[in-house]
Amino acid sequence: MQRALSVSRVTGNRGTFPDWYQAVVREADMAEVSPTRGAMIIKPWGYGVWERIQQTLDRRIRESGHDNCYFPLFIPLSFFAKEAEHVEGFAKEMAVVTHHRLKLIDGKLQPDPEARLEEPLIVRPTSETIIGDAFSRWIRSHRDLPVLINQWANVVRWEMRTRLFLRTSEFLWQEGHTAHADAEDARTETLKILEMYREFAESVLAMPVIAGEKPENERFPGADNTYSIEAMMQDGKALQAGTSHYLGTSFAKAQNIRFQDEEGQLSYCHTTSWGVSTRLIGGVIMTHGDDDGLRLPPAIAPRQIVIVPMLRDKPEDAQVLEYGQALVKALQEKFALGEPIRALLDTKAQRSADKRWNWVRRGAPIIVELGPRDAAGGQVTFMRRDALRDGDKVKSQAMAREAFIEAAPALLAEIQQALYDEAKARLDSNIRSDIATFDELAEYFGAAPADEDEGGVFKGWVRAAWSRLTGAELEAVEEHLKALKLTLRNVPMDQPETFGACIFTGKPGVEEILIGRAY
RNA sequence: CGGAGUGUAGCUCAGUCUGGUAGAGCACCGUGUUCGGGACGCGGGGGUCGCAGGUUCGAAUCCUGCCACUCCGACCA
């Protein structure tokens, strides 16, 4: 590990990176495991983050011409049979509804055999099939195109092993689905969305990513091309944070999505689909969290400035509260990052010290402590969550009330930028491009010291030239990589002019690809 | 589904080997002293010891079966 990430300050114990992650999810009040296998309960603070993600991304989706709509949670089984690759990709993780009634049989409540469904229903793992079916009815003429829609929904994928936010059997996401008259239009859409995701991840989540195309074997089932944004977590692993697929005409053919062009000819549409999920929240935690808990970028913090009044059950409490209420009101009238500041006066009946640390753990960007001295002197004492400590000491600063109110918008923007800069520096300095052969790759990633259970050794990624392998050759390489727990992440969009030899075959390289361990 | 490990209070865990009737710290409730850097004293509430059988006078502890979770594989946004 490049950085000592223990769970010491959060739980009082040392542990691995996954232990730390779970501790932060719990201590920051983000989510908890539910009685339902593999599914999570997203708590108010965590859901608040998701709502911020929804609001900011939804605006971008709308501004780029897409409309929201809603399709059913259940999809008839037969819909999946239409696209062979697609069904194969998802068949192993589908939840199936087979009955519509329960009955007491031998004292046990169970599905009533008489209430078996004629055709089983699938709880959607993704909605290409049912949306494509609608497209086939909606689209008749080239004048109907393009169709640009999006839905915010929950989906279910029956995963073997789950982890809060990163992989849960049910998760929340948005899925965009579009249909176009030709390949060029659809490809443009696919890349436009990829760029939208990149910009969103970097400017809203403060999470630097690398946008690129997935190699053949990592494609979405049924897609012609799959693009992703990949983020680097603090243990050096990659997190696929968003995907955008060009589906060609395969779904259109499977579902008969056709239109008449200007000449009266019938043609198949070219379709795309794209999505980001609650996994983004896991990415935010593993990008910005520290030993004190979560650090939230102000753009997605449900509360950006939290004011903790130092109350002591004394007469001057009233003045402190009054002073705090006025401060919240003044802050709410200010705009930061394009929106009214989200400020809160925490009046919960709890020790001030506890409240303060709870907000530290939850990652509120600015935590203000207001005491009688502040109220009397017209000043504000606060700490920045992005730079909480100076050594072991908590760093706080004081400002005149008016100056603080004026400075708040810029301060929040500065925190947003600081979190991004920190993550960006980590990403940039941990991609090695001086590894040219498979042996070197194996040596670099393989030499993991025995303290693997201390969270592993931070290795980051390798960026190397390759000859865009496909088919059996690609599979063979993947097998070798698997032994090292490595995967091909993506081929970054920005590529140099010339390339070295392929890291796997020694043949002339045609592009550069990212290699790393992944979630 | 394969390999390993773990299930005891909200959390972290001790107790299990060697059977004797449920513990600690933190959290929670009451109270007093405190309070501007994760307070302290006193008092208190909370657990069918993962579930089901079995052995035994007696089971958290021994035996059998099952379930769940964690980590490593396989799968994946």
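Chain letters run A, B, ... following the sequence lines, proteins first and then strands; every chain starts at 1. Only heavy atoms go into these numbers, but all of them, side chains included; no hydrogens, no water, no symmetry mates.
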Interatomic distance, Leu370(A) CG vs G36(B) C1' [rounded to whole Å]
11 Å
Can you tell me the Watson-Crick or wobble partner of [N], both distances under 3.5 angstrom?
{"N": "A22(B)", "result": "none"}
{"N": "G45(B)", "result": "none"}
{"N": "G58(B)", "result": "none"}
{"N": "A52(B)", "result": "U64(B)"}
{"N": "A4(B)", "result": "U70(B)"}
{"N": "C35(B)", "result": "none"}

[X] side chain: which of [options] is closest?
{"X": "Arg351(A)", "options": "G36(B), U70(B), A39(B)", "answer": "A39(B)"}
{"X": "Arg312(A)", "options": "U70(B), C35(B), C76(B)", "answer": "C35(B)"}
{"X": "Pro372(A)", "options": "G36(B), C76(B), A39(B)", "answer": "G36(B)"}
{"X": "Arg167(A)", "options": "C76(B), U12(B), G36(B)", "answer": "C76(B)"}
{"X": "Ser277(A)", "options": "G36(B), A77(B), G38(B)", "answer": "A77(B)"}
{"X": "Arg389(A)", "options": "G38(B), C75(B), G36(B)", "answer": "G38(B)"}
{"X": "Gln22(A)", "options": "A74(B), C71(B), G38(B)", "answer": "C71(B)"}
{"X": "Arg157(A)", "options": "G36(B), G38(B), C76(B)", "answer": "C76(B)"}
{"X": "Arg373(A)", "options": "G36(B), G38(B), C75(B)", "answer": "G36(B)"}
{"X": "Glu93(A)", "options": "U70(B), A77(B), C75(B)", "answer": "C75(B)"}

Which whole number of Å gives the distance between the P atom of C11(B) and that of G73(B)?
28 Å
Determine: side-chain N/O of Lys485(A) to OP1/OP2 of G73(B), distance under 4.0 Å, yes or no.
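Indeed, a polar side-chain atom of Lys485(A) lies that close.
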Mind checking the CZ-OG spacing from Phe251(A) to Ser273(A)? Nearest 0.5 Å is all I need.
7.0 Å
Would Phe171(A) pass as stacked on A77(B), i.e. its ring centre under 5.5 Å from the base's six-membered ring centre and planes under 30° apart?
yes
So Thr168(A), base contact, sugar-phosphate only, or nothing? Heavy-atom distance under 4.0 Å.
base
Residue closer to the 5' end of RNA chain B, Leu311(A) versus Gln350(A) (nearest nucleotide):
Gln350(A)
